[in-house]
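Positions are given from 1 along the sequence.
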Amino acid sequence: MTTTVPISSFETPLKFAYWVPNVSGGLVVSTIEQRTDWQLPYNSRLAQIAENSGFEYALTQTRYAASYGADKQHEASAFSLALLAATQRLRVIAAFHPGMWHPGVLAKWLITADHLSDGRAAVNIVSGWLKDEFTKFGLPWLEHDERYVRTEEFIRALRGLLTENGYSQDGDYYSIDDFTLNPGPVDVPGRPHPEIFFGGNSTAAQGAAGRVADWYFSNGRTLEGYEENVAGVLASAQQAGRQPRFGLNGFVIARESRKEAEETLREIVAKAHRPAVEGFQKSVQEAGASTKDGKGMWAGSSFEDLVQYNDGFKTRLIGTPEEIADRIIEYKKVGVNLMLTCYLHFQEEVAAFGRDVLPIVREKEADLARARGTELNTELLPVAPGVSAEEAAAATAETLPADHPAKAGAAA
């Protein structure tokens with residue numbers, strides 16, 4: 001399957017984001033050492049390192065019930081405000097569930113967050129797969145495709161309230177009568193309103209994303225699998241006269257040699273917390289199989305895939321910096337505009353990615369643009385002063401709590 005990528009995608013530099021580890025246990029369900037922490041001091045410094053390393057976005061996770069081996073997690077909207085306050089340029093994407101939030105309440109929150117951060121707030125609207133989070137709160141639980149019907153209505157209402165005075169909408173889930181929010185969002189050149197991200201792999205998710213999302217997020221995917229996702233979203237978007245942008249999740253293991261990177265991956269999987277991964281696997285694969293065509297998220301994921309709970313290993317950002325940069329460029333060729341990354345040791349490895357991988361990506365992007373008959377617009381590149389490995393390691397030692405199991409390793 002061949003995806004038609006607009007020439008503007010080759011002119012525009014890739015954007016990079018990272019998953020905010022506002023959840024205990026890190027981003028892999030494994031007992032391998034992870035020099036990361038879920039609390040604010042660590043995450044505030046991580047956000048500063050990220051924006052100084054060439055990252056433009058951070059995505060804060062949302063969960064209410066403990067899942068995938070994590071027993072503690074901070075709420076996404078409050079945590080995102082704290083990260084916005086700790087940074088100057090980074091855009092922070094907070095995740096929200098329709099059915100738990102009303103679009104009018106979220107629009108008001110988003111406008112306030114946008115003003116507090118001088119136009120750097122964004123949202124990720126996720127339909128939800130964890131049934132217990134809804135039913136144990138006494139909230140209605142909808143079947144899979146119907147959740148995307150509700151999500152589409154939610155996003156239409158959210159955008160309408162962000163952009164129109166006297167907005168009205170009469171839907172199955174949300175009815176709004178002549179409502180105006182003042183003030184409106186910050187006026188940011190080239191941005192009609194705060195960005196709305198949306199994720200899902202299923203056919204229903206692809207259709208909704210094409211019709212209403214600014215950005216489509218996917219779990220980790222092979223090149224062929226991602227092409228299929230992009231094609232599904234674009235088919236829906238073209239019918240609606242829209243052009244969303246595309247983001248992809250990937251777990252980064254950058255080492256001096258491919259052998260060392262692959263050994264790290266094997267160690268992560270070998271030390272997997274098996275009961276937690278198997279419990280997660282049962283929950284998510286029931287959710288994926290509940291789609292009409294069996295193409296939901298995680299429907300085809302193996303035990304090894306789910307050790308990184310957003311299928312990040314599938315993207316294969318594993319190897320030397322050069323090999324990872326080559327892989328990223330292959331994804332750009334099939335339509336990726338943003339790479340959403342995660343790591344074992346966030347502060348050190350985000351800094352290393354900015355120092356060792358991003359410069360190679362930028363060189364290869366320029367070559368790719370010229371090969372497509374255009375030039376990379378370097379004026380769109382973020383300002384990144386850079387962070388040394390020593391600074392990142394010192395930051396880790398300072399921000400991990402005294403009783404963190406990785407404290408000694410970070411300070412060594």
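Between the side chains of Asp71 and Ser24, at least one donor-acceptor pair of N or O atoms lies under 3.5 Å. A donor-acceptor contact closer than 3.5 angstrom is absent between the side chains of Thr12 and Asn377. Remark: the Tyr173 side chain and the Glu146 side chain contain an N/O donor-acceptor pair separated by less than 3.5 Å. Using modelled atom types, one finds no donor on one side chain facing an acceptor on the other under 3.5 Å when comparing Asn249 with Asn310. At a cut-off of 3.5 Å, with distance as the only test, a side-chain donor of Tyr343 or Thr341 sits close to an acceptor on the other residue. No side-chain donor from either of Glu11 and Ser9 sits under 3.5 Å from a side-chain acceptor of the other.
Side chain of Gln243 to backbone of Ala237: no donor-acceptor contact under 3.5 angstrom is found. Of the possible polar contacts, none joining the Gln39 side chain to the Pro41 backbone as a donor-acceptor pair under 3.5 Å is found. In this structure, Gln206 contributes its side chain and Asn201 its backbone to a donor-acceptor pair below 3.5 Å. No side-chain donor-acceptor contact under 3.5 Å links Asn22 to the backbone of Trp38. Although no hydrogens or angles enter the test, the distance criterion places a donor-acceptor pair under 3.5 Å between the side chain of Gln48 and the main chain of Ala86. Not one N or O on the side chain of Asn337 forms a donor-acceptor pair closer than 3.5 Å with the backbone of Arg245. Side chain of Glu195 to main chain of Trp215: no donor-acceptor pair is present (N/O by atom type, distance under 3.5 Å, no hydrogens or angles). Judged by distance alone, the side chain of Glu153 and the main-chain N or O of Tyr174 form a donor-acceptor pair under 3.5 Å. Of the possible polar contacts, none joining the Ser53 side chain to the Gly354 backbone as a donor-acceptor pair under 3.5 Å is found. No donor-acceptor pair under 3.5 Å is formed between the side chain of His97 and the backbone N or O of Gly99.
Checked against a 6.0 Å centroid threshold, the rings of Phe55 and Phe353 count as neighbours. Between Phe16 and Tyr57, the ring centre distance reaches or exceeds 6.0 Å. Taking the six-membered ring for Trp and the full ring otherwise, the centers of Phe197 and Phe217 sit less than 6.0 Å from each other. The six-membered or imidazole ring of Trp19 lies away from that of Phe346, with a centre-to-centre distance of 6.0 Å or more.
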- Candidate pair Leu158 and Ile196, rule side-chain contact (heavy atoms from CB on, under 4.5 Å), full reasoning: CA-CA 9 Å; Leu158 176 63; Ile196 300 172; 4.0 Å; yes
- Task: Tell me, with the steps shown, if Lys271 and Glu33 meet side-chain contact (heavy atoms from CB on, under 4.5 Å).
- Result: CA-CA 10 Å; Lys271 293 181 176 179; Glu33 180 191 25; over 6 Å; no
- Item | Verdict with reasoning, Phe96 to Trp109, per ring-ring contact (aromatic ring centres under 6.0 Å, His included) | CA-CA 11 Å; Phe96 298 90; Trp109 177 92; 5.2 Å; yes
- Message: I'd like to know whether Leu344 forms a side-chain contact (heavy atoms from CB on, under 4.5 Å) with Arg35, so could you lay out the CA-CA distance, the side-chain angles of the two residues, the decisive distance to 0.1 Å, and finally the verdict.
- Response: CA-CA 7 Å; Leu344 270 184; Arg35 292 190 294 277; over 6 Å; no
- Query: Leu162 and Leu110: side-chain contact (heavy atoms from CB on, under 4.5 Å), yes or no, with the steps?
  - Reply: CA-CA 9 Å; Leu162 291 173; Leu110 180 53; 3.9 Å; yes
- Item | Stepwise salt bridge (Lys or Arg N to Asp or Glu O under 4.0 Å) test for Glu143 and Arg147 | CA-CA 6 Å; Glu143 63 89 15; Arg147 295 200 297 276; over 6 Å; no
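To the nearest 0.5 angstrom, Leu223 atom CG is 9.5 Å from Lys333 atom NZ. Note: Asp177 CG to Asp170 CG = 9.5 Å, rounded to the nearest 0.5 Å. Of the inter-residue distances, the one linking Leu84 atom CG with Leu90 atom CG reads 7.5 Å to the nearest 0.5 angstrom. For the atom pair CZ (Phe198) and CD1 (Ile155), the distance works out to 5.5 Å, reported to the nearest 0.5 Å.
The aromatic rings of Tyr331 and Tyr226 sit perpendicular to each other, their planes meeting at more than 60°, with 30° as the lower class boundary. Ring planes of Trp141 and Phe134: tilted class, angle from 30 to 60°. Using bins of under 30°, 30° to 60° and over 60° for the plane-to-plane angle, the ring pair Tyr148/His144 lands in the tilted bin.
Just one of Arg120, Lys108, Arg191 meets the salt bridge (charged side-chain N to carboxylate O under 4.0 Å, His left out) condition when paired with Asp114; it is Arg191. When each of Glu323, Glu349, Glu263 is paired with Arg255, the salt bridge (charged side-chain N to carboxylate O under 4.0 Å, His left out) condition holds for Glu349 and for no other. When the options Asp311, Ile318, Ile268, Leu265 are evaluated for a side-chain contact (heavy atoms from CB on, under 4.5 Å) with Phe251, the one that passes is Ile268.
Taking a cutoff of 4.0 Å between a charged side-chain nitrogen and a carboxylate oxygen, Glu152 and Arg156 qualify as a salt bridge. Using a 4.0 Å cut-off between a side-chain N of Lys or Arg and a carboxylate O of Asp or Glu, Arg159 and Glu164 do not qualify as a salt bridge. The pair Arg258-Glu260 does not count as a salt bridge, with every side-chain nitrogen at least 4.0 angstrom from each carboxylate oxygen. Arg327 and Glu330 are not joined by a salt bridge, as no carboxylate oxygen comes within less than 4.0 angstrom of a charged side-chain nitrogen. At a threshold of 4.0 Å, the pair Asp367-Lys364 does not count as salt-bridged, since none of the basic side-chain nitrogens sits closer than that to a carboxylate oxygen.
Proximity of Asp37 to Pro21: side-chain heavy atoms (C-beta onward) are nowhere separated by under 4.5 Å. Here the side chains of Leu340 and Leu248 are not in contact, with every heavy-atom distance at 4.5 Å or above. Side-chain contact between Arg221 and Asn229 is present, with heavy atoms from C-beta onward closer than 4.5 Å. Side-chain contact check for Val20 versus Phe79: some heavy-atom pair is nearer than 4.5 Å. Between Arg242 and Asp214, some side-chain heavy-atom pair lies under the 4.5 Å cut-off. Ile176 places none of its side-chain heavy atoms less than 4.5 Å from the side chain of Ser168. At a threshold of 4.5 Å between non-hydrogen side-chain atoms, the residues Arg45 and Glu398 do not count as touching. Residues Arg362 and Leu14 have side chains in contact (heavy-atom distance under 4.5 Å, counting atoms from C-beta outward).
No more than 12 heavy-atom neighbours from other residues, nucleotides or ligands sit within 6.0 angstrom of CZ on Phe179.
Under the rule for a side chain to side chain donor-acceptor pair (under 3.5 Å), Ser8 has no partner lying at least two apart in sequence or in another chain. Applying the side chain to side chain contact (heavy atoms under 4.5 Å, CB included) rule to Asp356 yields the partners Pro321, Ala352; only residues at least two apart in sequence or on another chain are considered.
Residues Ala121 and Pro194 share a closest heavy-atom pair of O-CB, 3.5 Å. Heavy atoms only, all atoms of each residue included: Val5 and Gly335 are closest at CG2-N, 3.7 Å. When all heavy atoms are compared, the tightest approach of Ile360 to Ala325 is CG2-CB, 3.5 Å.
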